[in-house]
Peer 1: 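Have a look at the structure that comes next, please.
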Number of protein chains: 2
Amino acid sequence: MARRSDHTREELWRLIIDSSRKIVEKEGLRGLRARQVARDIGYTIGTLYNLFEDLDDLIMHMNGETLDQLMEECSKVELTQNPNMDLERLVHCYLSFTHENPKLWNAVFEHKLPETRPVPEWFSEKVSGLLSTIERALAPILSGRSAAEIHQHARVLWMSLFGMTVLEGSGRLQEGETSMTLAKTLIKTYVDGLTNGPQVNAGNYPKDNGKTPR
Amino acid sequence: MARRSDHTREELWRLIIDSSRKIVEKEGLRGLRARQVARDIGYTIGTLYNLFEDLDDLIMHMNGETLDQLMEECSKVELTQNPNMDLERLVHCYLSFTHENPKLWNAVFEHKLPETRPVPEWFSEKVSGLLSTIERALAPILSGRSAAEIHQHARVLWMSLFGMTVLEGSGRLQEGETSMTLAKTLIKTYVDGLTNGPQVNAGNYPKDNGKTPR
DNA sequence: ACTTGAAATTGAACGGCGATCAATTTATTT
DNA sequence: AAATAAATTGATCGCCGTTCAATTTCAAGT
């Protein structure tokens with residue numbers, strides 16, 4: 001048998017990604033098997049390899065979709081110019097997503113390409129997109145600082161948040177601890193630090209406490 | 001051939017773990033093969049399975065050793081009661097370690113047991129040990145707060161730091177960005193937030209700015 | 001010293017995996 | 001209608017983790 005044309009190439013792509021997502025969300029990335037995906041969609045392995053280079057490639061695209069979905073959720077959040085509130089909303093959005101799709105989210109960072117293989121450009125771009133969301137929320141509080149500085153604080157927050165979800169996803173939080181409460185503590189304290197801490201020499205913040213700027 | 005007694009059970013254990021560490025540090029966790037370890041140490045696969053339950057078990061113990069080593073480094077750090085400085089030293093220690101053993105460190109969180117399999121007690125204890133180091137450094141600044149609160153801030157910092165090293169380890173930092181500078185920013189801002197931010201009602205901090213305590 | 005039971009070690013074997021590719025069938029172009 | 005291109009199969013390869021009966025050696029008891 002060959003060339004069934006039951007599905008277009010695009011439909012097939014969807015079938016495969018959807019099936020992979022379904023399997024990963026149920027069994028985790030460990031449980032993803034090419035043969036299983038093929039069986040699921042009613043084709044054979046060879047067809048998978050017609051559409052994707054290999055499993056790594058398939059997983060990258062699956063993870064790409066996960067990032068897309070998260071991005072879509074995040075962009076629904078309305079910003080109010082109040083960083084504390086905006087960040088909390090964003091975090092809420094972010095954590096809701098990771099709670100609803102824990103294993104899919106885990107797969108995003110659990111999966112690692114062999115070193116010899118560079119992360120595709122389109123993937124890095126999706127990540128940057130998410131970062132800039134945080135930057136926008138953080139901007140008002142940092143109006144006196146350089147773009148580079150804003151960028152860095154956004155990234156620090158993002159990475160910190162990320163650490164929490166990773167540890168949560170691998171079941172390393174302790175009893176009664178949730179990434180939501182942790183994240184709130186982080187943001188509150190961090191924003192306090194940005195607001196009341198030592199200021200760079202920008203002239204528009206009242207309390208320079210005399211400590212050396214970083 | 002059987003029962004060579006070239007090595008005691010303990011020596012064999014060491015041989016296997018050391019070989020695994022060597023392989024992982026060179027090739028990453030992906031490159032770890034039971035057959036390769038066996039060949040390395042001059043035994044056959046079966047012997048591996050005499051000492052370890054399976055590869056997951058072997059990896060857990062290998063990662064346990066990594067945690068031990070990091071703990072040993074961290075406990076060399078002398079604390080001065082100045083949280084900012086102490087934390088920076090600890091972070092320096094932590095990051096030095098992860099930079100010197102990037103792939104071994106990556107293996108610690110890259111590896112995930114099947115869900116059905118609980119993380120061994122002894123492993124969780126090693127993690128808690130590292131956490132309490134941070135708690136000790138943070139304590140002076142939080143003398144007025146509850147133990148639970150101190151604990152939580154320590155964990156937030158630890159997880160944040162963790163996020164950075166994870167992302168660094170998977171090559172997701174950008175040009176000119178290092179986990180060291182990121183971590184310094186995090187700690188500085190966070191400690192500022194703890195020092196100058198809204199205080200809980202403990203009576204021994206001067207600047208209560210009136211915001212609602214968390 | 002001899003016997004006996006326990007422990008260690010081997011290596012063949014199993015089933016499953018990702019990946020490859022010649023062969024086949026169907027669709028598309030000329 | 002013929003020729004070309006694309007899709008699909010399924011057999012096949014080599015490797016993987018894991019198991020286990022068989023073998024050999026060590027240690028204990030007598």
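It should be emphasised that the depicted structure is a prediction, and the values quoted were computed from it without experimental measurement. Each chain gets a letter, A, B and so on, in the order the sequences are listed, and its residues count up from 1.
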Peer 1: Locate the shortest heavy-atom distance separating B/Pro118 from B/Thr116; write the atom from each residue and the value.
Peer 2: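 Closest pair (atom of B/Pro118, atom of B/Thr116, distance): CD-O, 3.6 Å.
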
Peer 1: DNA chain C: B/Arg35 or B/Tyr43, which has the more 5' nearest nucleotide?
Peer 2: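 The residue whose closest nucleotide sits nearer the 5' end is B/Tyr43.
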
Peer 1: Of all of residues 7-34 of chain A, which get a heavy atom below 4.0 angstrom from DNA chain D, listed by number?
Peer 2: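 Of all residues in residues 7-34 of chain A, the ones placing a heavy atom under 4.0 Å from DNA chain D are A/Arg9, A/Leu12.
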
Peer 1: Measure CG/B/Leu51 against C1'/D/dT18 and give the value in whole Å, please.
Peer 2: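 The answer, rounded to whole Å, is 16 Å.
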
Peer 1: Between B/His151 and A/Glu177, do the side chains contain an N or O donor and an N or O acceptor separated by less than 3.5 Å?
Peer 2: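 No, A/Glu177 and B/His151 have no side-chain donor paired with an acceptor closer than 3.5 Å.
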
Peer 1: Checking side-chain polar atoms at under 3.5 Å, does B/Glu168 have a donor or acceptor matched by the opposite partner on B/His99?
Peer 2: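 There is such a pair between these side chains.
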
Peer 1: Provide, to the nearest angstrom, the distance between the OH atom belonging to A/Tyr49 and the P atom belonging to C/dA22.
Peer 2: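 Result: 17 Å.
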
Peer 1: Starting at atom CD of B/Glu53, determine the distance to atom C1' of D/dG17, rounded to an integer number of angstrom.
Peer 2: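 In whole Å, D/dG17 C1' and B/Glu53 CD are 14 Å from each other.
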
Peer 1: Say whether, by atom type as modelled, one donor and one acceptor occur between the side chain of B/Asp86 and the main chain of B/Gln81 under 3.5 angstrom.
Peer 2: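 Side chain of B/Asp86 to backbone of B/Gln81, a donor-acceptor pair under 3.5 Å: yes, one is there.
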
Peer 1: Taking salt bridge (charged side-chain N to carboxylate O under 4.0 Å, His left out) as the definition, give me every residue that meets it alongside B/Lys26, ordered by chain and number, with sequence neighbours left out.
Peer 2: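 Partners of B/Lys26 by the salt bridge (charged side-chain N to carboxylate O under 4.0 Å, His left out) criterion come out as none, since no residue qualifies.
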
Peer 1: For the helix from C/dA1-D/dT30 to C/dT30-D/dA1, what is the angle between the axes at its two ends, each from 5 pairs, rounded to 10°?
Peer 2: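 Answer for the end axes of this duplex: 0°.
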
Peer 1: Can you list everything that forms a side-chain contact (heavy atoms from CB on, under 4.5 Å) with B/Asp18? Sequence neighbours excluded, please.
Peer 2: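 If we apply the side-chain contact (heavy atoms from CB on, under 4.5 Å) test to B/Asp18, skipping adjacent residues, the hits are B/Arg14, B/Arg21.
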
Peer 1: Between B/Glu110 and A/His111, do the side chains contain an N or O donor and an N or O acceptor separated by less than 3.5 Å?
Peer 2: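 Distance-only check fails for B/Glu110 and A/His111.
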
Peer 1: Below the 4.0 Å mark, does D/dT9 have OP1 or OP2 next to a side-chain nitrogen or oxygen of A/Thr47?
Peer 2: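 Yes.
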
Peer 1: Only pairs under 3.5 Å count here: list side-chain donor-acceptor contacts from residues 42-51 of chain B, not counting sequence neighbours, and write none if there are none.
Peer 2:
from	atom 1	to	atom 2	distance (Å)
B/Tyr43	OH	B/His7	ND1	2.9
B/Asn50	OD1	B/Arg9	NH1	2.8

Peer 1: Does any non-hydrogen side-chain atom of B/Trp13 lie less than 4.5 Å from one of B/Thr8?
Peer 2: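 B/Thr8 vs B/Trp13: side chains apart.
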
Peer 1: Rounded to whole angstroms, how far apart are CG on A/Leu48 and P on D/dT8?
Peer 2: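 For the pair A/Leu48 CG and D/dT8 P, the rounded distance is 11 Å.
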
Peer 1: Can you find a pair of side-chain heavy atoms, one from B/Leu167 and one from A/Arg155, that are under 4.5 Å apart?
Peer 2: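 SC-SC contact between B/Leu167 and A/Arg155 ruled out.
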
Peer 1: Parallel, tilted or perpendicular: which one describes the rings of B/Trp158 and B/Tyr94, with boundaries at 30° and 60°?
Peer 2: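 The rings of B/Trp158 and B/Tyr94 sit tilted, inter-plane angle from 30° to 60°.
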
Peer 1: Hey, can you pull the residues of residues 54-66 of chain A with a non-hydrogen atom under 4.0 angstrom from DNA chain D?
Peer 2: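 Residues of residues 54-66 of chain A under 4.0 Å from DNA chain D: none.
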
Peer 1: Just the rounded figure in Å: distance from C1' of C/dT9 to CD1 of B/Ile41.
Peer 2: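 Distance, rounded to whole Å: 11 Å.
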
Peer 1: Measure the distance from CZ on A/Arg39 to P on D/dT8 and round it to the nearest whole Å.
Peer 2: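 It is 19 Å, rounded to the nearest whole Å.
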
Peer 1: Separation of B/Asn50 atom CG from C/dT10 atom P, in whole Å?
Peer 2: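 Spelled out: CG on B/Asn50 to P on C/dT10 is 10 Å.
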
